[in-house]
Peer 1: 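Could you have a look at this structure, given as structure tokens, before my questions?
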Amino acid sequence: MASSATNHGEKVNWVLHAPRPPGPWREFMEFSGDQETSPKDILPSSPKHFKQPSTASLAVETPTAEEKLDLEKNSSPVQRSEWVLNGPEPPGLWHELMDSVRETASYCGNKYSSLKNQPALKSVVSIQQEIFPILVWGRSYNISKFRHDLIAGLTIASLCIPQSIGYATLAKLDPQYGLCKSCSFNYKYKCCTTSYLCCNGDFKEIAIGPVAVVSLLLPSMIQKLQDPGADPIAYTKLVLTATFFTGIFQASFGLFRLGFLVDFLSHAAVVGFVAGAAIIIGLQQMKGLLGITHFPTNTDVISVMKAVWTSFHHPWSPHNLILGCSFLCFILISRYLGKKNKKLFWLPAVAPLLSVILSTLIVYLTRGDNHGIKIVKHIKDGLNPSSVNLLELNGPYVGDVAKVGLIVALVALAEAIAVGRSFSSIKGYHMDGSKEMMAMGFMNMVGSFTSCYVATGSFSRTAVNYSAGCETPVSNIVMAITVIISLQFLTKLLYYTPTAILASIILSALPGLIDLNKIYKIWNVDKLDFLACIGAFFGVLFASVEIGLLVAVTISFTKIILISIRPGTETLGKLPGTEMFCDTAQYPMAVKIPGVMIIRVKSALFCFANANFVRERIVRWITAQKAADTEGQTKDKEAIHLVILDMSNLINIDTSGIAALEELQKNLISEGIELSNFVGKIGGRVFVTVGEAVDASFAGKIATACEC
């Protein structure tokens, strides 16, 4: 055995330079059949499972520091075993459910109790400040902050106007729906509800409005119910109804603190889904870029490429392609210059608006519409009227539209929360996810009443707002006022705007949605996560947007189930110079104890789903080890007479798990090895650490140990 004088640096190197453990895919593939296995290949290891600390208190009164020190010095292994065996009973299922309900209601209860102890006038003011955060941050507002907000608001408006028109076209709606959405939603979100504006210095940079993924997701599902080309009014009604349901679901998630539902869309799934959606969105823009009149309603890549290929066999004007590609290059170059020189942050923001202005002038002066260039034509001026009467809550498609609303709600929340987390980490403040969900839900519900479709946080506009130096949410109000002025007075000037320019603006935003570095990192870290990522990507690409989401969620759930029913096991050895017992596959320098086999079960749950699997794996390992000892294939000089089960990861066990341990005892007895029954029959043969179990075995106190 290595000397106890092993220095700290060598121990650190053992950890840093340990062989890379096999991935989860190998763990799932091993032991899938009855083939013969060797001890070397049986026990895959992974550092992904960590020891769960126990939350149970072992004494009614908390011991003092002196008492703790005395216990540490004078306690015997038998006393420490009693700590485990005589611990308080864990809370039952009903108790855990009630704790969850109390935790859900605690936020509102704390708010109510704090208001109850205040004077009536102060309580009213507190409620108003909670509903209207502008009453909080507005007190410290000054001219200097307004100057920064004005510049940021005008900058983001120059990006928002052309983007909103393009995204409304992508959603198969009239352009004014995108413009109305940008001004209406930012006003509601920023002035009324969001926690970003509270007194805690929360996130002020977020820009709400149309985004590419949601603008693609809505028509891909709703056009199966109603063709937007055949009856655009009926299609618009379904979009507004879906927006209403989206708001209801989002507000409900926040009210009942169900934000964990968004986490079912794992990071890997979202990366793959967004990348696939970006390619589909790009292909959809071929209609505007090439001036194609007839375009398929399906969003899969095969249908779109077929339509593009067919269009080349019919007469078409290359002017749309030349105009669109020219300004696409201009936008991309301006973005590159903006990244290179921070002082030119405004250039990427104004480039889309400048492209719209220049291209509109070119078409107007050359009468390009008479030479095959497709133009936007009429855009309805002024704010859209109330759309309450357009909601079809009693229509034949209300159930299908509600399903669309649920899917869109999850996707929109995932994107908004991703934006919030990204910038809150930069600014160093906390984001209340449940409160953001309620704000987003309220915003979308009211938006459905005012001719707006689903909105969420936009990465591109939020980044521009942040770079422009916004100080408060007034920057978004400036943007909203600018868009309102444009709707009221400038829509007629957009008559000759070419559709190819709108397509190029959308195309310019897509490269940021395909993150190859993240995909490569997912591949290196977790192959099953990569499978979910690729599944979402190809599902969106070759089937549909909703199929891509379904594939991603299914693979993510399958991963959870596989990890639960096929937990890893590993054989342990003592790390020289320490009291630690580590996986011998990951740390080859760990020394096995002669005659003793120490096995760790890497699962927090030992239940009906995995109990027999773990039992069979342990028995198979011990049988293979004994066979190897008999044939002289191992270096161990002493046959196995003691098995120690390290169950320190275990926090829950059911009757199937107990039955599996009893069956394991019978199997080991048949092999000439004794393993005591579970806690009810093993008495003092329970130890707090593996080291104590090993020491007790060598002291001759017991013949078998089981660590719990």
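For reference, positions follow the sequence shown, starting with 1. FYI, side chains are in, hydrogens and waters are out, and symmetry mates aren't considered; it's all heavy atoms of this structure. What you see is a predicted model, and the numbers here were worked out from it, not measured in a lab.
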Peer 1: For Lys145, look at atom NZ and say whether over 12 heavy atoms of other residues, nucleotides or ligands are found less than 6.0 Å away.
Peer 2: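 It does: Lys145 NZ has more than 12 such atoms within range.
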
Peer 1: Should Leu391 and Lys237 be marked as a side chain to side chain contact (heavy atoms under 4.5 Å, CB included) after you check the CA-CA gap, both sets of side-chain angles, and the distance that decides it?
Peer 2: CA-CA 6 Å; Leu391 300 181; Lys237 289 181 179 180; over 6 Å; no

Peer 1: Would you say the ring centroid of Tyr495 lies under 6.0 angstrom from that of Tyr364?
Peer 2: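 No, the ring of Tyr495 stays outside the 6.0 Å limit from the ring of Tyr364, centre to centre.
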
Peer 1: Distance from Ile501 atom CD1 to Ile357 atom CD1, nearest 0.5 Å?
Peer 2: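 Reported to 0.5 Å precision, the distance equals 12.0 Å.
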
Peer 1: Measure across Ser158 and Ala349 and return the closest heavy-atom pair with its distance rounded to 0.1 Å.
Peer 2: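 So the two residues come closest at OG-O, 3.3 Å.
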
Peer 1: Would you mind reporting whether Pro219 and Ile222 have side-chain heavy atoms less than 4.5 Å apart?
Peer 2: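 The answer is no, as the side chains (C-beta and beyond) never meet within the 4.5 Å cut-off.
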
Peer 1: Has the side chain of Ser387 got a donor or acceptor atom that lies under 3.5 Å from a matching backbone atom of Ser451?
Peer 2: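 Pair found, side chain donor or acceptor close to backbone of Ser451.
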
Peer 1: Kindly check if the number of other-residue, nucleotide or ligand heavy atoms within 6.0 Å of CG (Leu393) is above 12?
Peer 2: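 Atom CG in Leu393 is packed in, count exceeds 12.
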
Peer 1: Take Thr499 and Thr169 through the side chain to side chain contact (heavy atoms under 4.5 Å, CB included) test and state the conclusion after the steps.
Peer 2: CA-CA 9 Å; Thr499 56; Thr169 305; over 6 Å; no

Peer 1: Side chains of Ile555 and Asp529: closer than 4.5 Å at any heavy-atom pair?
Peer 2: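 They are not in side-chain contact.
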
Peer 1: Who are the side-chain hydrogen bond (donor to acceptor under 3.5 Å, both in side chains) partners of Asp174, not counting sequence neighbours?
Peer 2: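 Here no residue qualifies.
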
Peer 1: So do the side chains of Cys452 and Tyr177 get within less than 4.5 Å of each other, counting heavy atoms only?
Peer 2: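 In short, these two side chains do not touch, never coming nearer than 4.5 Å.
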
Peer 1: Does Arg367 reach the side chain of Asn370, with side-chain heavy atoms less than 4.5 Å apart?
Peer 2: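 When only atoms from C-beta onward are counted, Asn370 and Arg367 do touch, with a gap below 4.5 Å.
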
Peer 1: Looking only at heavy atoms, which two atoms of Tyr453 and Tyr167 are closest? And how far apart?
Peer 2: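 Looks like OH-O, 3.4 Å.
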
Peer 1: Restricting to non-hydrogen atoms, name the atom on Val404 and the atom on Ala242 that form the minimum distance, rounded to 0.1 Å.
Peer 2: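 It is CG1-CB, 4.2 Å.
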
Peer 1: Nearest 0.5 Å, please: how far is OG in Ser334 from CH2 in Trp346?
Peer 2: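 The OG atom of Ser334 is 9.5 Å from CH2 of Trp346, to the nearest 0.5 Å.
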
Peer 1: Are the side chains of Val411 and Leu549 in touch, meaning some heavy atoms are under 4.5 Å apart?
Peer 2: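 In short, these two side chains touch, coming nearer than 4.5 Å.
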
Peer 1: Please check this pair: side chain of Asp400 against backbone of Leu225, looking for a donor-acceptor N/O pair closer than 3.5 Å.
Peer 2: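 Not confirmed, Asp400 side chain does not pair with Leu225 backbone.
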
Peer 1: Please round to the nearest 0.5 Å and tell me the distance separating atom CD1 of Ile506 and atom CD1 of Ile281.
Peer 2: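 Taking CD1 in Ile506 and CD1 in Ile281, the distance rounds to 8.0 Å.
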
Peer 1: What is the distance from atom CD1 of Ile208 to atom CG of Asn476, rounded to the nearest 0.5 Å?
Peer 2: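 That separation rounds to 8.0 Å.
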
Peer 1: Whether the side chain of Asp149 engages the backbone of Glu471 through a donor-acceptor N/O pair (distance < 3.5 Å, no angle test) should be reported.
Peer 2: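 Answer holds: yes.
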
Peer 1: Output yes when a side-chain donor or acceptor of Thr456 lies under 3.5 Å from a complementary backbone atom of Ala412, and no otherwise.
Peer 2: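 Side chain of Thr456 to backbone of Ala412: a pair is present.
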
Peer 1: Could you check if a side-chain atom of Val211 sits within less than 4.5 angstrom of a side-chain atom of Glu415, using non-hydrogen atoms only?
Peer 2: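 Counting from C-beta outward, Val211 and Glu415 do come under 4.5 Å.
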
Peer 1: Given side chains that start at C-beta, do those of Phe327 and Leu354 come closer than 4.5 Å, heavy atoms only?
Peer 2: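 Phe327 does not reach Leu354 side chain to side chain.
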
Peer 1: Are Thr450 and Ser386 close enough that some pair of their side-chain heavy atoms sits under 4.5 Å apart?
Peer 2: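 A side-chain contact is absent here, since even the closest heavy-atom pair is not under 4.5 Å.
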
Peer 1: Looking only at heavy atoms, what is the nearest atom pair of Ala455 and Met443, with distance?
Peer 2: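 For Ala455 and Met443, the tightest heavy-atom pair comes out as O-CE, 3.7 Å.
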
Peer 1: Please confirm whether the backbone N or O of Glu392 pairs with a side-chain atom of Thr241, one donor and one acceptor, at under 3.5 Å?
Peer 2: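 Yes, because the side chain of Thr241 sits within donor-acceptor range (under 3.5 Å) of the backbone of Glu392.
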
Peer 1: What is the distance from atom CD1 of Ile302 to atom CG of Leu283, rounded to the nearest 0.5 Å?
Peer 2: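 Atom-to-atom, Ile302:CD1 and Leu283:CG are 11.5 Å apart.
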
Peer 1: Please answer whether the main-chain N or O of Met440 pairs with a side-chain N or O of Asn444 as donor and acceptor at a distance below 3.5 Å.
Peer 2: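 Yes.
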
Peer 1: Rounded to the nearest 0.5 Å, what's the gap from CG on Leu170 to CD1 on Ile165? Could you check?
Peer 2: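 The CD1 atom of Ile165 is 14.0 Å from CG of Leu170, to the nearest 0.5 Å.
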
Peer 1: How are the rings of Trp523 and Phe530 set to each other: parallel, tilted or perpendicular (split at 30° and 60°)?
Peer 2: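 Perpendicular: the ring planes of Trp523 and Phe530 meet at over 60°.
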
Peer 1: Indicate the atoms forming the closest heavy-atom contact of Phe442 with Ala251, along with that distance.
Peer 2: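 Smallest heavy-atom distance, with atoms named: N-CB, 4.5 Å.
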
Peer 1: Table please: side-chain donor-acceptor pairs of residues 508-515 below 3.5 Å, with sequence neighbours left out.
Peer 2:
| unit_1 | atom_1 | unit_2 | atom_2 | d |
| --- | --- | --- | --- | --- |
| Ser508 | OG | Ile505 | O | 2.6 |
| Asp515 | OD1 | Asn517 | N | 3.2 |
| Asp515 | OD1 | Lys518 | N | 3.2 |

Peer 1: What is the minimum heavy-atom distance between Ala171 and Tyr235, and which atoms define it?
Peer 2: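 Looking at all heavy atoms of both residues, the shortest contact is O-OH, 2.8 Å.
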
Peer 1: For the pair Phe538 and Phe542, name the ring-plane relationship: parallel under 30°, tilted 30 to 60°, perpendicular over 60°.
Peer 2: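 Because their plane-to-plane angle is under 30°, the rings of Phe538 and Phe542 count as parallel.
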
Peer 1: Verify side chain to side chain contact (heavy atoms under 4.5 Å, CB included) between Leu490 and Leu493, making sure each step is shown before the conclusion.
Peer 2: CA-CA 5 Å; Leu490 304 179; Leu493 300 178; 3.8 Å; yes

Peer 1: Take Leu347 and Asn341, measure what side chain to side chain contact (heavy atoms under 4.5 Å, CB included) needs, and give me the verdict at the end.
Peer 2: CA-CA 10 Å; Leu347 185 58; Asn341 190 345; over 6 Å; no

Peer 1: Looking only at the side chains, is there a donor atom on one of Ser303 and Asp300 sitting less than 3.5 Å from an acceptor on the other?
Peer 2: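 Yes, Asp300 and Ser303 have a side-chain donor paired with an acceptor closer than 3.5 Å.
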
Peer 1: Treating Asn320 as the side-chain partner and Lys374 as the backbone partner, does any N or O pair qualify as donor plus acceptor under 3.5 Å?
Peer 2: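 It does hold such a pair.
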
